[in-house]
Protein chains: 2
Amino acid sequence: MKADFSNFINSIYPLPYQILDDVLLHFQYKEYPKNYYLLKQGRPCKYLWVLVKGAARYTFSDETGKESNVWFSFDNDIVADAPSFVSQKPSTESIQLLEDSELYAIENSHLYHLLQQHHSFSLWYIKLIEKYYITQIEDRVTDLQFLTAKQRYEKLLIQFPNIGNRINLGHIASYLNITQETLSRIRSGKL
Amino acid sequence: MKADFSNFINSIYPLPYQILDDVLLHFQYKEYPKNYYLLKQGRPCKYLWVLVKGAARYTFSDETGKESNVWFSFDNDIVADAPSFVSQKPSTESIQLLEDSELYAIENSHLYHLLQQHHSFSLWYIKLIEKYYITQIEDRVTDLQFLTAKQRYEKLLIQFPNIGNRINLGHIASYLNITQETLSRIRSGKL
DNA sequence: GAATTTTTTTGAGCTAAATCAAAAAATGAT
DNA sequence: ATCATTTTTTGATTTAGCTCAAAAAAATTC
C-alpha cells in the first residue's frame, strides 16, 4: 500500500530518498465511501488528492441549477480543482466520489512549503502539472469545439474502455455535453 | 524596453538579481510582422514567447480542413502550445500573429536547463503556469460547455472590451465556436 | 477617388441535438 | 420471487445555430 504510493510519487519524477521521505510525511491516507464529496462548489480546494483506487466526477452547477460533469478521474490519477487549489479561491466545481475510494491527500499549505524547501520537489510538481493537467485539459477544449457528440463518445470509449461498467449513462452524457436521450440513441446506432 | 521585460518577468515571481540576469540572457528579442506564423500545426513548439506587444491567435485545423481559433493572446501575455512545448511532441495547433508584434522567446531546452539550475526559477515557472495557464484554460472548458453563443460573446467582450477593433468578426466567431453569420446576428440583436 | 478586395450583414431553409413525456429494462431491497 | 427505485430507451416536437446564397458596407490598392 504505502510502497505502491511512493512508487507512484517517484514515477512522476524521481526524488532523492530523504526528500521522498519528507514528502510522504505530508500525505495523509484516506478512505471515503461512494457519493462522498471531496469538495463542494464555492469552497476553496484545500487538498490535492492522489486517487489510488476508485472513481470521481467533477461537476459544475450554473445559476439555473443545471449540473454537468466536467471531468472524471479513476485509479492512479490526481484529483483537485486546479484553479482553486493554486489560488485558494472558491472552487467553481464540486468533486464527488462515484465509488468507494482510497486516496492520499496533501494540504495546499504543506505542498507550497515543500516547494519552497526542496528544489527537486519543485521539479516534481512541474512534472505533475505537465503530465496530469496540461496534456489532458487542452484535449478537452478541442474535443468540445471540434468533435460531434458521437465522436466525443467514441473517443471516451477509447480512453476508458470499461467506463460503462463503472459510471451510468446520465453521468457520461453530461460529461459529453449531450442529453442522456441523445447518448442512448448514439449507442443504439440511431444517430 | 529591456527594463519593461525584466519587470514583467519579476512580476510573475521575484527572482534574485543574479538569477534574473542569467534568465534574461536566455530570452531573445524578436519582432515579426502581422500574419507571421510563430508555430505551424504538426511541428514541436520549440519556444515559449512573451508577447510584449501585439496579438496572436491559436488555430486548429481538423482532417476536413476546417480551421478554428482556439485562443487569443494580446500584449503582456505568454504564447506557446503548452502540451507541445512541455512534451516536444508535434503541436496540434498553429500560432499566427494578427498584428506586427514584439516578443521575447526562450528555447525549450534552455528553459528546462534553467529549471534544473535554479530553484527560484522553478518556483517562477510554477507561478507562470498557474497564472497564465491553469486559471485561464479551465474557464474556457466551462464556457464552451455551459454558455450559449450569445453569453460566450458577452463574456469575451468583458474580457477584451476592444477586441472588435483588433480582430475581425470571422476570427472572433471561430473562437466562439459559431459561424460568422450567427455572430453578426447576435451583434445586431437578432438572436 | 475609383476600383478591387475583404469584411459584415441579411434572408431562407435545414439539421443535430434539445425538450417533454412516457414506456421498458435493470438493479436493489424486503 | 415481489415490489420499489433507478437507469435506459423510445417517440414526438421544438429550437439554436448551421449552410448556402447574395447584398451591403468597409477597408485597401492603384
Side-chain angles (χ1 to χ4, degrees), chain A residues 33-35 55 57 59-70 72 96-100 142-157 160 162-191, chain B residues 33-35 55 57 59-70 72 96-100 142-157 160 162-191:
Chain A
K34 179 174 173 171
N35 295 327
R57 66 178 183 128
T59 71
F60 177 92
S61 301
D62 64 16
E63 326 74 53
T64 74
K66 183 197 158 202
E67 184 190 86
S68 276
N69 296 140
V70 290
F72 293 119
Q96 186 188 27
L97 298 176
L98 295 172
E99 299 176 352
D100 295 349
T142 25
D143 288 358
L144 283 170
Q145 205 164 352
F146 286 92
L147 304 184
T148 63
K150 191 177 178 185
Q151 291 172 315
R152 291 205 295 282
Y153 177 61
E154 285 160 356
K155 195 166 167 186
L156 185 69
L157 283 188
F160 305 112
N162 62 340
I163 195 170
N165 307 327
R166 296 179 77 169
I167 294 195
N168 72 42
L169 263 202
H171 283 325
I172 296 172
S174 137
Y175 172 78
L176 296 171
N177 208 24
I178 57 179
T179 59
Q180 195 173 171
E181 293 92 325
T182 299
L183 179 53
S184 175
R185 286 183 246 264
I186 286 170
R187 299 206 319 163
S188 64
K190 282 164 195 151
L191 273 177
Chain B
K34 180 173 173 170
N35 296 326
R57 65 177 184 130
T59 71
F60 177 92
S61 302
D62 64 17
E63 324 75 53
T64 75
K66 182 198 161 200
E67 184 190 87
S68 277
N69 296 141
V70 291
F72 292 119
Q96 186 187 27
L97 298 177
L98 296 172
E99 299 175 352
D100 295 348
T142 27
D143 288 359
L144 283 171
Q145 203 163 355
F146 284 94
L147 303 184
T148 62
K150 191 178 177 185
Q151 290 172 316
R152 290 204 296 282
Y153 177 62
E154 284 161 355
K155 196 166 166 186
L156 185 70
L157 282 189
F160 303 113
N162 62 340
I163 194 170
N165 307 329
R166 297 180 76 168
I167 295 194
N168 72 40
L169 262 203
H171 283 325
I172 295 172
S174 137
Y175 173 78
L176 296 171
N177 208 24
I178 56 179
T179 58
Q180 195 174 174
E181 293 92 326
T182 299
L183 180 53
S184 174
R185 285 183 247 264
I186 286 171
R187 298 204 324 162
S188 64
K190 282 164 197 153
L191 273 178

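Lettering follows sequence order; numbering is per chain, from 1.
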For a quick test of your reading: what N or O donor-acceptor pairs under 3.5 Å do the side chains of residues 180-191 of chain B make, sequence neighbours left out?
{"from": "Thr182(B)", "atom 1": "OG1", "to": "Thr179(B)", "atom 2": "OG1", "distance (Å)": "3.0"}
{"from": "Ser188(B)", "atom 1": "OG", "to": "Ser184(B)", "atom 2": "O", "distance (Å)": "3.3"}
{"from": "Ser188(B)", "atom 1": "OG", "to": "Arg185(B)", "atom 2": "O", "distance (Å)": "3.3"}

Polar pairs (N or O, both sides) under 3.5 Å between protein and nucleotides 26-30 of chain D?
none

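Using a 4.5 Å heavy-atom cutoff, the side chains of Leu156(B) and Leu176(B) are in contact.
You'll find that the side chain of Lys190(B) is closest to dT10(C), out of dT10(C), dT10(D), dT7(D).
Every residue meeting the side-chain contact (heavy atoms from CB on, under 4.5 Å) condition with Asn165(B), not counting sequence neighbours, appears here in chain and number order: Asn162(B). A search for side-chain contact (heavy atoms from CB on, under 4.5 Å) contacts involving Asp100(B) returns Pro33(B), Lys34(B), not counting sequence neighbours. Shown here are the ring-ring contact (aromatic ring centres under 6.0 Å, His included) partners of Phe60(B), two or more places apart in sequence or in another chain: Phe146(A). For the ring-ring contact (aromatic ring centres under 6.0 Å, His included) test, residues two or more places apart in sequence or in another chain that qualify with Phe72(A) are Tyr175(A). By the side chain to side chain donor-acceptor pair (under 3.5 Å) test, Ser174(A) is found to be paired with Asn69(A), residues two or more places apart in sequence or in another chain being considered.
Proximity of a side-chain donor or acceptor of Gln96(A) to a complementary backbone N or O of Arg57(A) within less than 3.5 Å is not detected.
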Exercise. For every nucleotide of nucleotides 13-21 of chain C, 5' to 3': is a protein heavy atom under 4.0 Å from its base (B), only from its sugar-phosphate (S), or from neither (-)?
Worked result: ----SSBBB
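Taking each heavy atom of Gln151(B) and Leu147(B) in turn, the nearest pair found is OE1-CA, 3.4 Å.
Relative to the axis of its first five pairs, the axis of the last five pairs of the helix from dG1(C)-dC30(D) to dT30(C)-dA1(D) sits at 50°, rounded to 10 degrees.
Sorted by first then second residue, the salt bridge (charged side-chain N to carboxylate O under 4.0 Å, His left out) pairs that include residues 143-155 of chain A, not counting sequence neighbours, are Asp139(A)-Lys155(A), Asp143(A)-Lys155(A).
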